[in-house]
Number of protein chains: 2
Amino acid sequence: MDRFVSLQRKIAPEIARLLDIRYSILRHVHFYQPIGRRTLSQQLTVKERAVRSELEFLRRQGFVSVSSSGVTLTQDGEVIFQELGQYVRELREFARLEQLLERLLPIRKIVVVAGDSRRDPAVKKDMGRAVVRILREIVEDGDIIAAGGGTTMVEVAKAIVPSGWPKHITVVPTRGSLGEEVEIQADSIAVEMAKLLGGTYRVLNVPDDLHPETISRIINEPRIKEILELIKTARIVIHGVGTLEEMVKRRNIPREEMETLESLGAVAEMFGYYFDKDGNMVYYTPSMGIRPEDLQGKKTISVAGGANKAQALLAVVKRYSREALVIDEAAALKIMEIEDRGKEKWQ
Amino acid sequence: MDRFVSLQRKIAPEIARLLDIRYSILRHVHFYQPIGRRTLSQQLTVKERAVRSELEFLRRQGFVSVSSSGVTLTQDGEVIFQELGQYVRELREFARLEQLLERLLPIRKIVVVAGDSRRDPAVKKDMGRAVVRILREIVEDGDIIAAGGGTTMVEVAKAIVPSGWPKHITVVPTRGSLGEEVEIQADSIAVEMAKLLGGTYRVLNVPDDLHPETISRIINEPRIKEILELIKTARIVIHGVGTLEEMVKRRNIPREEMETLESLGAVAEMFGYYFDKDGNMVYYTPSMGIRPEDLQGKKTISVAGGANKAQALLAVVKRYSREALVIDEAAALKIMEIEDRGKEKWQ
DNA sequence: TTATGCCGGGACAAATGGCGTCCCATAGGA
DNA sequence: TCCTATGGGACGCCATTTGTCCCGGCATAA
């Protein structure tokens with residue numbers, strides 16, 4: 001049944017809208033019957049005519065009865081309402097989650113993908129696809145896209161179907177590499193994405209965990225300088241978010257640096273910058289590439305999965321508004337949990 | 001899972017159409033890839049633009065890839081195609097059955113209801129609802145409806161939701177009663193229906209298994225005569241179909257009459273007329289009411305469930321065209337079986 | 001009894017978006 | 001090299017949906 005629902009969400013997502021309104025009408029009628037068409041429309045904030053059309057449908061199906069005193073559920077209607085309950089919960093849970101989160105965070109569009117990416121690798125693929133779907137909606141001819149690194153971003157790149165993309169897209173990395181494995185470096189991912197998008201790429205090809213002096217010298221190299229300029233002008237940014245533990249494991253971070261980070265309360269990493277749980281930038285590794293403040297004015301798509309990323313996401317995401325956020329169910333639930341707790345404390 | 005599908009069919013029937021076209025595109029692409037939009041459109045007999053819209057959707061979802069050589073399934077597309085297969089089979093099986101039967105029989109609209117009404121009484125209720133749904137579509141202000149008797153017709157009456165019906169409907173029985181139990185007599189059902197439809201009724205209130213002479217006298221009674229006239233002018237007829245065994249069990253049919261019927265090859269009964277399996281009328285009990293030939297020019301809805309009714313349905317239904325036929329799954333499958341066998345013999 | 005307010009349903013103009021149908025540049029195969 | 005089938009753009013049309021009225025009915029309160 002679970003497979004069924006997800007299958008349906010993929011192949012016929014428009015039914016969600018349909019079910020939503022029909023179910024909410026049934027529910028409302030169930031609780032407030034007999035109730036008039038107009039009252040229904042007001043309380044559901046659905047246009048009168050739409051309510052009317054749906055009522056007509058429901059009446060045809062024999063689920064509601066319409067009399068001069070208002071709309072009532074028939075026996076069939078009561079049954080279908082009960083049955084539909086669990087179904088809609090399944091099918092619409094994410095949509096509700098997404099709506100709640102969108103109200104909570106400064107993000108235009110939030111997509112919640114079923115499952116937990118830490119338990120099922122396929123979930124990351126789904127997240128990748130979700131990102132690509134969003135990218136398809138916003139990308140335009142001649143765009144410059146800055147892509148970050150990380151295992152999730154690898155799946156984003158893989159999820160690109162090379163067909164029907166605008167022309168003259170340039171993909172650049174968000175920053176240099178940080179001593180990670182080649183496959184998950186921003187550079188590699190930018191190359192991969194550019195190929196699949198049918199566009200061009202420019203990469204730094206330089207590690208940026210060098211000595212600060214070396215870095216400032218490299219930055220002035222004409223080729224590097226030009227690319228860094230390009231990165232700054234990117235209209236679209238796609239990036240993952242890291243937790244402290246992850247970064248420590250993945251990168252060659254010296255012991256004392258790690259201790260510093262911990263003492264500063266760092267919980268999230270983005271572009272080599274570290275943030276505490278309130279979103280304050282507490283540390284950064286000297287590097288070249290995008291800075292968090294550069295995100296302003298860009299369309300930013302953030303992506304991360306797993307309950308452990310929830311705290312990091314909140315830290316990183318609250319400061320700057322974003323175009324879209326793609327997370328998995330585990331992360332979404334965790335975020336809701338944290339935020340709810342926060343609210344209780346606050347009240 | 002089964003409940004799921006039937007739930008969906010009830011609450012959002014429009015998705016069937018959607019799934020149908022999307023699935024058939026996926027299937028066609030799967031087998032003929034790469035294939036062009038136009039070829040696809042021609043071979044599926046779907047308008048070019050519709051194919052295009054769906055392809056666009058499928059591309060957005062990442063299921064197909066579109067290149068200059070045509071449309072191809074992506075890996076995701078192949079997976080979804082496989083998964084969708086069994087789902088669509090479930091969801092659309094009846095639709096396919098219905099289409100096949102509609103091509104086979106002279107009936108405008110055939111509705112197949114899930115299940116076997118002989119095993120699960122709830123199925124009969126579903127059939128009743130289906131009949132009512134059809135009735136809603138065709139009934140008009142001032143109509144005269146002739147309703148037959150039988151247990152299935154009882155469910156039809158019960159399924160009527162008294163709301164939103166046209167005005168000035170008159171319900172009459174198809175014929176007098178035949179010594180059956182009161183509840184399943186055409187008279188009682190006409191009364192029940194009329195009440196729920198918010199209309200009026202006229203009933204015969206006379207058993208018609210009387211001596212032929214008595215009958216011909218009664219027919220000339222002014223009140224009876226008038227009602228019989230009314231019955232003849234009915235625009236809509238709703239009736240069940242009986243098998244020989246059923247009739248023998250239900251009515252007080254004398255032994256010798258039954259033997260006559262058997263020897264004549266009677267397998268079906270309608271309005272007190274008996275038919276052999278090729279649809280020839282072989283016998284009739286003297287009675288008053290509708291005759292089979294009166295059906296011409298009327299909108300007739302026939303309803304029957306159970307595999308045992310298949311033969312009777314075929315006999316009764318083939319001779320005169322009908323507006324609609326409502327059967328259960330068991331009857332539908334049996335009909336297909338009989339017809340297929342017939343075809344093989346014929347070829 | 002009468003007045004009032006909410007009820008459903010009919011009606012209809014406006015708008016939306018899907019649909020049908022072209023054309024065109026192009027790429028890949030003959 | 002040409003030709004055919006490809007996708008995609010464009011555009012006008014039409015059907016359906018949508019937004020808004022209004023009307024008559026019915027129930028309830030005065």
- Message: Using a 4.0 Å heavy-atom cut-off to protein, can you give one letter per nucleotide of nucleotides 19-30 of chain C, 5' to 3': B if the base is in contact, S if only the sugar-phosphate is, - if neither?
- Response: BBBBB---S---
- Can you find a side chain N or O atom of A:Thr39 that sits less than 4.0 Å from OP1 or OP2 on C:dC6?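 A:Thr39 to C:dC6 OP1/OP2: no side-chain N or O under 4.0 Å.
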To the nearest angstrom, how far is [X] atom [atom1] from [N] atom [atom2]?
X: B:Leu40; N: D:dG8; atom1: CG; atom2: P; result: 13 Å
X: B:Ile25; N: D:dG7; atom1: CD1; atom2: P; result: 12 Å
X: A:Leu55; N: C:dG8; atom1: CG; atom2: P; result: 8 Å
X: B:Lys167; N: D:dG24; atom1: NZ; atom2: P; result: 14 Å
X: A:Arg59; N: C:dC7; atom1: CZ; atom2: C1'; result: 14 Å
X: B:Glu14; N: D:dT17; atom1: CD; atom2: P; result: 10 Å
X: A:Ile35; N: C:dC6; atom1: CD1; atom2: C1'; result: 12 Å
X: A:Glu54; N: C:dG8; atom1: CD; atom2: P; result: 16 Å

[X] side chain to [Y] main-chain N or O, any donor-acceptor pair under 3.5 Å?
X: B:Glu98; Y: B:Val112; answer: yes
X: B:Ser321; Y: B:Ile107; answer: no
X: A:Ser53; Y: A:Arg49; answer: yes
X: A:Thr170; Y: A:Thr200; answer: no

- Item | Electrostatic pair A:Lys109-A:Glu323, nearest N-O below 4.0 angstrom | no
- Which residue pairs satisfy the side chain to side chain donor-acceptor pair (under 3.5 Å) criterion with at least one member in residues 126-147 of chain B, sequence neighbours excluded?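 Listed by first then second residue: A:Asp76-B:Arg129, B:Asp126-B:Arg129, B:Asp143-B:Arg235.
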